[in-house]
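By convention in this document, chain letters (A, B, ...) are assigned in the order of the sequence lines, proteins followed by strands, and residues within each chain are numbered from 1. Just the heavy atoms: all of them, side chains too, but no hydrogens, waters or symmetry mates, feed the values below.
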2 protein chains.
Amino acid sequence: MDNTQMIKDELIKHNIKPSLIRIKVLEYLKSTKEHPNAEKIFKKLSKDIPTLSITSIYNALKLFVGKGVIKEIMIQEEEIRYDGANERHAHFKCIKCNKLYDLKLKCRSCLEVTDLNKVKILDEHIYLVGICKKCIKKETDL
Amino acid sequence: MDNTQMIKDELIKHNIKPSLIRIKVLEYLKSTKEHPNAEKIFKKLSKDIPTLSITSIYNALKLFVGKGVIKEIMIQEEEIRYDGANERHAHFKCIKCNKLYDLKLKCRSCLEVTDLNKVKILDEHIYLVGICKKCIKKETDL
DNA sequence: TTTTAATTTTGAAATCATTACAATTTTAAA
DNA sequence: TTTAAAATTGTAATGATTTCAAAATTAAAA
Ligand SMILES: [Mn+2]
Ligand SMILES: [Mn+2]
Ligand SMILES: [Zn+2]
Ligand SMILES: [Zn+2]
C-alpha cells in the first residue's frame with residue numbers, strides 16, 4: 001500500500017474526512033523529525049498548494065490534536081510545535097539551536113509518580129531542555 | 001528567621017536585588033500550590049500595592065526564571081503558569097477544572113531516556129494530563 | 001544634606017501566534 | 001442539475017507577553 005493511502009486510512013480511522021490539505025499536513029508531519037510549527041508547515045505546503053491559507057493549517061492541526069492523531073509540543077516557547085509520531089517518547093530541546101530531538105524511553109513505565117490513584121491519565125509530556133551535542137562541540141571548538 | 005527574610009536571602013543568593021515587588025511575587029509563589037499565571041499574581045498583589053503594574057509582574061517573573069529561582073509551566077495552554085517550588089517534581093493538569101497538581105516522582109532517576117550521551121541537561125518538565133479525582137466524582141454523581 | 005547616577009516601576013503601545021467568523025469554493029448527495 | 005453540507009480562504013479580532021520611554025525610587029558620591 002502506498003504512503004498516501006496509509007495517511008488516508010489513518011485519517012478515516014480517526015473519523016476525519018481525508019481532504020487534500022489534511023492529507024498533505026499529516027503526510028508532512030509523518031515524514032519529518034523536525035517537529036514543525038504551523039508557520040513552517042504552511043510554508044512547506046504552500047509550494048504545492050499556492051492558494052493555501054494558514055487558517056487551513058491551523059484548522060487541520062487543531063482537528064488532528066482533538067482526534068488524537070498528532071500531539072502538541074510546548075517547551076518554553078511562545079509557539080506550538082507538532083509531532084506526527086505516535087509511539088510514546090520524550091523530547092529534548094536545545095536552547096542554542098532550538099532543535100527538538102526525540103528521546104527513547106527505556107522502559108514502559110519508567111516514569112513513576114505517586115498520588116495517581118483515582119486519576120484518569122489521558123496524555124503525557126516529557127521534556128528535557130539543555131544543549132545538544134553539536135552545540136556543545138561548537139562552543140568548545142571556539 | 002522570618003519568612004520575608006528567607007525570601008530576601010533567596011533572591012540575594014541568586015543575585016537579584018530584593019525590591020518590594022520581587023519579594024511579594026516570590027513570597028506569593030512560595031506560599032501557594034496553585035501555580036498561578038501572571039494575571040493571578042497581579043490581581044493578588046494589587047490588593048496590597050494599588051499602584052502595581054502588570055509589567056512589573058512580568059519583569060519579576062522573567063528575571064526569576066532566568067536566574068533559576070522559579071520554573072515556567074506550559075501544559076497545552078496559551079498561558080504560562082509559574083511554580084515557586086524547587087524540588088524536582090512532576091505535574092498533573094486536569095482538563096475539566098484546569099487545576100494543576102504536583103506529583104511526587106518515586107525515585108531519583110525513574111525517568112530513563114536513551115540517546116543522552118554528550119548532551120547537557122539543564123531542565124526537565126514532566127507533565128501528565130487527564131481528569132482529577134474530584135472531576136471524575138462530579139461526572140459519576142450526575 | 002544635596003547632587004547625581006543607576007535601578008526599578010509604570011503605562012501605553014506594539015507584537016505575534018492563534019482564533020473567530022463570514023464569504024467563497026469544493027464535495028457529495030438527491 | 002439542484003441543493004445541502006463540509007472545507008477552505010482571508011480578514012479581523014483576541015489576548016498573553018514584550019517593548020520602550022518616561023516617571024519614580026533607591027543608592028552612591030560629593
Ligand atoms: Mn517527537
Ligand atoms: Mn509544582
Ligand atoms: Zn543545539
Ligand atoms: Zn479536575
Side-chain angles (χ1 to χ4, degrees), chain A residues 7-8 11-12 14-29 35-67 69-83 98 100, chain B residues 7-8 11-12 14-29 35-67 69-83 98 100:
Chain A
I7 297 291
K8 277 188 190 176
L11 288 171
I12 291 163
H14 287 90
N15 289 312
I16 297 171
K17 207 175 283 182
S19 71
L20 175 69
I21 292 175
R22 288 169 184 166
I23 292 168
K24 291 291 183 185
V25 169
L26 189 54
E27 211 162 42
Y28 177 44
L29 278 175
H35 307 87
N37 58 9
E39 177 77 17
K40 197 151 207 173
I41 300 169
F42 174 67
K43 281 185 179 156
K44 175 81 177 181
L45 300 196
S46 288
K47 292 172 191 164
D48 285 335
I49 312 167
T51 59
L52 186 64
S53 154
I54 194 159
T55 307
S56 300
I57 302 295
Y58 279 110
N59 286 343
L61 291 171
K62 211 181 175 195
L63 184 67
F64 292 176
V65 171
K67 300 277 190 179
V69 185
I70 64 173
K71 285 186 82 172
E72 291 185 339
I73 302 175
M74 308 169 80
I75 312 186
Q76 54 162 28
E77 276 192 288
E78 59 297 329
E79 75 191 359
I80 305 175
R81 294 169 73 163
Y82 296 89
D83 193 340
N98 279 336
L100 215 46
Chain B
I7 296 290
K8 277 188 190 176
L11 288 172
I12 291 164
H14 287 90
N15 289 311
I16 297 170
K17 209 175 282 182
S19 71
L20 174 70
I21 292 174
R22 289 168 184 165
I23 293 168
K24 290 291 183 187
V25 169
L26 188 55
E27 210 163 44
Y28 177 45
L29 278 175
H35 306 88
N37 59 10
E39 177 77 16
K40 198 152 207 171
I41 300 168
F42 174 66
K43 281 185 179 155
K44 177 79 177 181
L45 300 197
S46 287
K47 291 172 192 164
D48 285 335
I49 312 169
T51 59
L52 187 63
S53 154
I54 193 160
T55 305
S56 300
I57 303 295
Y58 278 111
N59 287 344
L61 291 171
K62 212 183 173 192
L63 184 67
F64 292 176
V65 171
K67 300 275 190 181
V69 186
I70 64 173
K71 285 186 81 172
E72 291 186 338
I73 302 175
M74 309 169 80
I75 312 185
Q76 53 160 32
E77 275 193 287
E78 59 297 328
E79 75 190 357
I80 305 175
R81 293 170 73 163
Y82 296 88
D83 193 341
N98 280 336
L100 215 45

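- Here the shortest heavy-atom pairing between A:Val25 and A:Ala60 reads CG2-CB, 4.3 Å.
- The shortest distance between side-chain heavy atoms of A:Leu63 and A:Arg22 falls below 4.5 Å.
- In this entry the distance linking CG of B:Leu52 with P of C:dT9 reads 9 Å, nearest Å.
- The listed nucleotides are C:dT10, D:dT8, C:dT9; the one nearest the side chain of B:Ser19 is C:dT9.
- Residue A:Asn98 comes nearest to A:Arg81 through the heavy atom pair O-NH1, 3.0 Å, listed as atom of the first residue, atom of the second, then distance.
- For the pair B:Asn59 CG and C:dT8 C1', the interatomic distance rounds to 9 Å; values are reported in whole Å.
- Comparing D:dT9, C:dT9, C:dG11 by their closest approach to the side chain of A:Ser53 singles out D:dT9.
- Put simply, CD1 on B:Ile49 is 17 Å from P on D:dA24, counting in whole angstrom units.
- Between the P atom of D:dA6 and the CD1 atom of A:Ile21 lies a distance of 17 Å, rounded to the nearest Å.
- Taking atom CD1 of residue A:Ile57 and atom P of nucleotide D:dT8, one finds them 10 Å apart after rounding to whole Å.
- Between A:Ile41 and A:Leu61, the closest side-chain pair of non-hydrogen atoms falls below 4.5 Å.
- Once rounded to the nearest 0.5 Å, the distance linking CD1 of B:Ile49 with CD1 of B:Ile21 reads 5.5 Å.
- Inter-residue side-chain proximity for A:Glu72 and A:Tyr82 is flagged as met; some heavy-atom pair is nearer than 4.5 Å.
- In this structure, B:Leu20 places its CG atom 9 Å from P of D:dT26, rounding to the nearest Å.
- Within the structure, every side-chain polar atom (N or O) of B:Ser56 is placed at least 4.0 Å from both OP1 and OP2 of C:dT8.
- Listed here is the closest heavy atom pair of B:Ile73 and B:His35: CD1-CD2, 3.5 Å.
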Discussion item. Walk along nucleotides 23-30 of chain C from 5' to 3' and tag each nucleotide B, S or - by protein heavy-atom contact under 4.0 Å, base first, then sugar-phosphate.
Written reply: --------
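- Taking atom NZ on A:Lys24 and atom P on D:dT9, their separation rounds to 14 Å, with Å as the unit.
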Using a cutoff of under 3.5 Å, can you pull out all pairs of nitrogen or oxygen atoms linking the protein to nucleotides 13-20 of chain C, with atom names and distances?
residue, atom, partner, partner atom, Å
C:dT18, OP1, A:Ile80, N, 2.8
C:dT18, OP2, A:Tyr58, OH, 2.5
C:dT18, O5', A:Tyr58, OH, 3.4

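- B:Ile7 approaches B:Glu27 most closely through the heavy-atom pair CD1-CA, 3.8 Å.
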Worksheet item: Could you walk me through whether B:Val65 and B:Ile80 pass the side-chain contact (heavy atoms from CB on, under 4.5 Å) check?
Response: CA-CA 12 Å; B:Val65 171; B:Ile80 305 175; over 6 Å; no
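- The CG-C1' distance, from B:Leu63 to D:dT17, rounds to 16 Å in whole Å.
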